[in-house]
Asks: 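Here it is, the structure in full.
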Amino acid sequence: MGETGENIQLAMALADIFGGQIDFNSDLKQGDRFELLFEKSTREGQFAGYGNILAATFVADGKTHQAIRWVNPDTGKGAYYDEEGRSLKRFFLVSPLKFEPRITSRFSRHRLHPVYHTMRAHLGVDYAAPYGSAVVAVAAGTVVSAGWAGAGGRQVRIRHDRGVETYYLHLSSFAPGIRAGASVDQNQIIGRVGATGAATGPHLDFRLLKNGVFVDPVSERRRQPPGDPIQPVHRSAFLAARDEMLRRIEITGLRASRSGEAGSEAVSADQ
């Protein structure tokens, strides 16, 4: 993204759009590519901020993901859909962290514990990340507890719909307002990465409880069903908007391939 002359805000916005399809901590590989059409504001010729990403294509590990922003005329609200008109918003995000972390320990029923040096079950996924990195709720829900959890250090536990609970361990701190009974939205910051409790360094231990049983978060997110589709009454309008947006991205990509640059286009508005 930096090579195109854009900044981290646009990269994070792109990651948010595909947060239900791509794990930006582990899925990206050398050679993956993206193209996007976005709004960019200027004031007296100087950058003033980004607006909406209007459309995007992201090829990750050989699989193509597409996003089209479409505004529902009944509600006036915009959301992102794939090329078939299915919502990109999933029940839960694929990761409670953004870019820098990496998986250092996966879900296992039999793992050598790095602190106690005994074989124990590891009922979550460990993400190594810089101290203080933001941790977000992977789905909307209600905080069950936010406090000390022994070897888990500072921990937030959230109850969601569908018999699901999520656990966020070893936090350095809790976000303001995160306490038992508080409601949280998907992608809301709930705390910061730390090394509290039994930890050898800063990381997040993320756990997913489903119907009373801990399950592998990575495997579970791959089984998420597609999002809700565009209503039939609006489908023709969506398809027309989709075709126009993808045409503009394709034209931009052809221009970029001829010049050897990344494919992106800004729709600018001087304010």
Side-chain angles (χ1 to χ4, degrees), residues 12 15-16 18-28 90-115 120-175 178 180 182 184-224:
M12 298 299 281
D16 284 343
F18 290 112
Q21 292 73 44
I22 303 170
D23 186 343
F24 286 86
N25 306 311
S26 60
D27 287 352
L28 300 189
R90 297 293 193 265
F91 177 62
F92 55 84
L93 302 175
V94 298
S95 170
L97 292 158
K98 299 295 184 181
F99 280 113
E100 295 186 48
R102 66 187 187 280
I103 293 178
T104 56
S105 183
R106 295 184 179 273
F107 185 92
S108 173
R109 299 289 179 183
H110 199 63
R111 181 195 72 157
L112 180 64
H113 195 283
V115 174
R120 301 185 178 199
H122 183 244
L123 302 178
V125 173
D126 283 352
Y127 291 99
Y131 190 93
S133 297
V135 177
V136 303
V138 297
T142 302
V143 177
V144 176
S145 62
W148 191 261
R154 292 189 180 91
Q155 171 190 278
V156 173
R157 176 183 170 194
I158 302 175
R159 180 179 296 116
H160 313 279
D161 293 337
R162 307 182 188 181
V164 172
E165 292 187 3
T166 52
Y167 294 67
Y168 311 78
L169 287 67
H170 307 301
L171 302 175
S172 60
S173 63
F174 305 121
I178 298 302
V184 294
D185 296 324
Q186 186 180 63
N187 214 28
Q188 178 179 334
I189 295 176
I190 58 171
R192 300 281 174 176
V193 169
T196 55
T200 57
H203 75 285
L204 175 72
D205 182 343
F206 172 63
R207 305 189 177 197
L208 179 65
L209 187 75
K210 186 176 182 181
N211 298 323
V213 177
F214 282 104
V215 296
D216 182 357
V218 175
S219 298
E220 194 65 27
R221 63 95 167 174
R222 289 174 178 160
R223 290 193 287 265
Q224 289 193 91

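Being a predicted model, the structure only gives us computed values, none of them experimental.
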Asks: Between Val125 and Pro217, which heavy-atom pair has the shortest distance, and what is it?
Replies: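 The answer is CG2-CD, 3.8 Å.
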
Asks: With heavy-atom distances below 4.5 Å as the criterion, would you say the side chains of Val135 and Val156 are in contact?
Replies: no

Asks: Give me each pair satisfying ring-ring contact (aromatic ring centres under 6.0 Å, His included) with a member in residues 147-171, each pair once, sequence neighbours excluded.
Replies: Tyr167-Phe214, Tyr168-Phe206, His170-His203

Asks: For Ser145, enumerate each residue passing the side-chain hydrogen bond (donor to acceptor under 3.5 Å, both in side chains) test, keeping only those at least two apart in sequence or located in another chain.
Replies: none

Asks: Determine the minimum heavy-atom distance between Phe174 and Gln155, stating which atoms define it.
Replies: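 It is CE2-O, 3.7 Å.
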
Asks: Any salt bridge (Lys or Arg N to Asp or Glu O under 4.0 Å) pairs touching residues 128-147, not counting sequence neighbours?
Replies: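 Listed by first then second residue: nothing to list.
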
Asks: Is Thr196 reaching over with its side chain to a backbone N or O of Ser172, donor-acceptor style, under 3.5 angstrom?
Replies: no

Asks: Taking salt bridge (Lys or Arg N to Asp or Glu O under 4.0 Å) as the definition, give me every residue that meets it alongside Arg90, ordered by chain and number, with sequence neighbours left out.
Replies: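 By the salt bridge (Lys or Arg N to Asp or Glu O under 4.0 Å) rule, Arg90 matches no residue at all.
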
Asks: Just how far is it from atom CG of Asp216 to atom CG of Leu208, taken to the nearest 0.5 Å?
Replies: 9.0 Å

Asks: Please list all pairs passing the salt bridge (Lys or Arg N to Asp or Glu O under 4.0 Å) test where one or both residues lie in residues 189-206, with sequence neighbours left out.
Replies: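 Passing the test, one end in residues 189-206: Asp205-Arg207.
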
Asks: Taking all non-hydrogen atoms of both residues, which atom of Gln186 and which atom of Phe91 are closest, and how far apart?
Replies: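 So the two residues come closest at NE2-O, 3.3 Å.
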
Asks: Output the distance between atom CD1 (Ile190) and atom CD1 (Ile158), rounded to the nearest 0.5 Å.
Replies: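 So the CD1 of Ile190 and the CD1 of Ile158 are separated by 4.0 Å.
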
Asks: The criterion is side chain to side chain contact (heavy atoms under 4.5 Å, CB included); which residues satisfy it with Gln188, sequence neighbours excluded?
Replies: Ile178, Val184, Asp185

Asks: Can you measure from CG (Leu209) to OG1 (Thr166) and round to the nearest 0.5 angstrom?
Replies: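 The distance works out to 9.5 Å.
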
Asks: Of the non-hydrogen atoms in Ala129 and Ser133, which two are nearest, and what is the gap between them?
Replies: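 Residues Ala129 and Ser133, closest heavy atoms: CB-OG, 4.0 Å.
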
Asks: Kindly give the heavy-atom pair with the smallest separation between Ala134 and Ile189, and that separation in Å.
Replies: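 So the two residues come closest at CB-CD1, 3.9 Å.
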
Asks: Of all the heavy-atom pairs spanning Leu171 and Gly191, show the shortest one and how long it is.
Replies: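 Smallest heavy-atom distance, with atoms named: CD1-CA, 4.5 Å.
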
